[in-house]
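A short worksheet on the structure shown next.
These numbers were taken from a predicted model, which means no experiment stands behind them.
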Amino acid sequence: YRKTEVRPLASAYFERALEQDQGHASAHFGLARLASTTDPPDKEDAYHHYKRAIEREPDTLEIRRLFADTLATWGNRDVAETQFEAALDIDPDDPMTRCWYGSHCKSWGATDDARTHLERGLTADKERDELSTGAALTWATELVDLCERDGDYAAVREWCRYGLSACDN
């Protein structure tokens, strides 16, 4: 929907759902995603719809996780961290949330936190197998970099093996 004419149609459906129910969390979430992925993003509209979706469904992991990632991408670290923590309250071992949080921590220079989140996320993914191959490789690479920085070569080998096994799946 980002690069096609589907965006107006999706927006119309979400708006129609809100005409029928102003508190329709999924419609607010959809409009938030559309607003956050325009070029340039409509940050005010995205923020408004994310907040409305969270008000209606505060325990929906995907809404919290994507709101946190969006905020972090826009440089709003404090609110992003609050949303990442709220997502982790819902599922403390969600691989995607942990890895996105870890990746953003790394970009913020919080490398110890980054390593903790990436390790927990990838460890959980070993059992849950929820990450795509590309995501697993990207985050394993980030984690290997952090482990190498720490001189933890056993962990470097472990996470390199994990990345290679992600390619085999």
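Interatomic distance, CD of Glu81 versus CG of Asn76, reported as 10.0 Å (0.5 Å rounding). Asp42 CG to Leu31 CG: the interatomic distance, rounded to the nearest 0.5 Å, is 10.5 Å. Annotation: the span from Trp159 atom CH2 to Leu146 atom CG amounts to 12.0 Å, rounded to 0.5 Å.
Between Tyr13 and Leu9, the closest side-chain pair of non-hydrogen atoms falls below 4.5 Å. In this structure the side chain of Val156 reaches within 4.5 angstrom of the side chain of Cys160, judged on heavy atoms. Using a 4.5 Å heavy-atom cutoff, the side chains of Trp74 and Lys43 are in contact. Between Leu131 and Cys99 there is a side-chain heavy-atom pair separated by less than 4.5 Å. Side-chain contact between Leu66 and Tyr50 is present, with heavy atoms from C-beta onward closer than 4.5 Å. Phe29 is not listed as a side-chain neighbour of Glu57, based on a closest heavy-atom distance of 4.5 Å or more.
Nearest heavy-atom pair across Leu118 and Ser103 is CD2-N, 4.2 Å. Ala155 and Cys147 get closest at one heavy-atom pair: CB-SG, 3.6 Å. Nearest approach of Asp69 to Phe84, heavy atoms of both residues: N-CZ, 3.9 Å. A pairwise comparison of heavy atoms in Leu71 and Ala80 identifies CB-CB, 3.8 Å as the closest pair. Summarising the geometry of Ala140 relative to Gly163, their closest heavy-atom pair is CB-CA, 4.3 Å, with the distance given to 0.1 Å. Heavy atoms only, all atoms of each residue included: Ala87 and Leu61 are closest at O-CD1, 3.3 Å.
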Return all side-chain donor-acceptor pairs below 3.5 angstrom for residues 17-26, not counting sequence neighbours, or 'none' if the list is empty.
residue: Asp21; atom: OD1; partner: Gly23; partner atom: N; Å: 2.9
residue: Gln22; atom: NE2; partner: Leu18; partner atom: O; Å: 2.7
residue: His24; atom: ND1; partner: Ala27; partner atom: N; Å: 3.0

**Request:** Decide yes or no on side chain to side chain contact (heavy atoms under 4.5 Å, CB included) for Leu137 and Cys167, but give the supporting numbers first.
**Result:** CA-CA 8 Å; Leu137 285 172; Cys167 292; 3.6 Å; yes
**Item:** Stepwise side chain to side chain contact (heavy atoms under 4.5 Å, CB included) check, Thr70 with Gln83
**Value:** CA-CA 10 Å; Thr70 299; Gln83 291 302 318; over 6 Å; no
**Asked** Can you list the steps and then say if Asp145 with Lys106 is a side chain to side chain contact (heavy atoms under 4.5 Å, CB included)?
**Response** CA-CA 10 Å; Asp145 181 51; Lys106 186 178 180 201; 2.9 Å; yes
**Item:** Stepwise side-chain hydrogen bond (donor to acceptor under 3.5 Å, both in side chains) test for Tyr101 and Glu85
**Value:** CA-CA 9 Å; Tyr101 197 5; Glu85 293 298 332; 2.9 Å; yes
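By the side chain to side chain donor-acceptor pair (under 3.5 Å) test, Arg65 is found to be paired with Asp94, Thr97, residues two or more places apart in sequence or in another chain being considered.
The number of heavy-atom neighbours closer than 6.0 Å to CZ of Arg128, taken from other residues, nucleotides and ligands shown, is above 12. The number of heavy atoms from other shown groups lying within 6.0 Å of CZ (Arg77) is above 12.
Less than 6.0 angstrom separates the ring centroid of Tyr47 from the ring centroid of Phe67.
Counting only distance, with no hydrogens or angles, the side chain of Thr60 and the backbone of Glu62 share no donor-acceptor pair below 3.5 Å. At least one donor-acceptor pair closer than 3.5 Å links the side chain of Arg64 to the backbone N or O of Pro58.
Among pairs with a residue in residues 115-126, those fulfilling side chain to side chain donor-acceptor pair (under 3.5 Å) read Asp93-Arg120, Arg98-His117, Arg115-Glu119, Arg115-Asp150, Arg115-Asp152, Asp125-Tyr162, Lys126-Glu158, at least two apart in sequence or across chains.
The aromatic rings of His48 and His28 sit perpendicular to each other, their planes meeting at more than 60°, with 30° as the lower class boundary.
Linking ILVMFWY residues whenever their side-chain heavy atoms come closer than 4.5 Å, directly or via other members, leaves Leu164 and Leu122 in distinct clusters.
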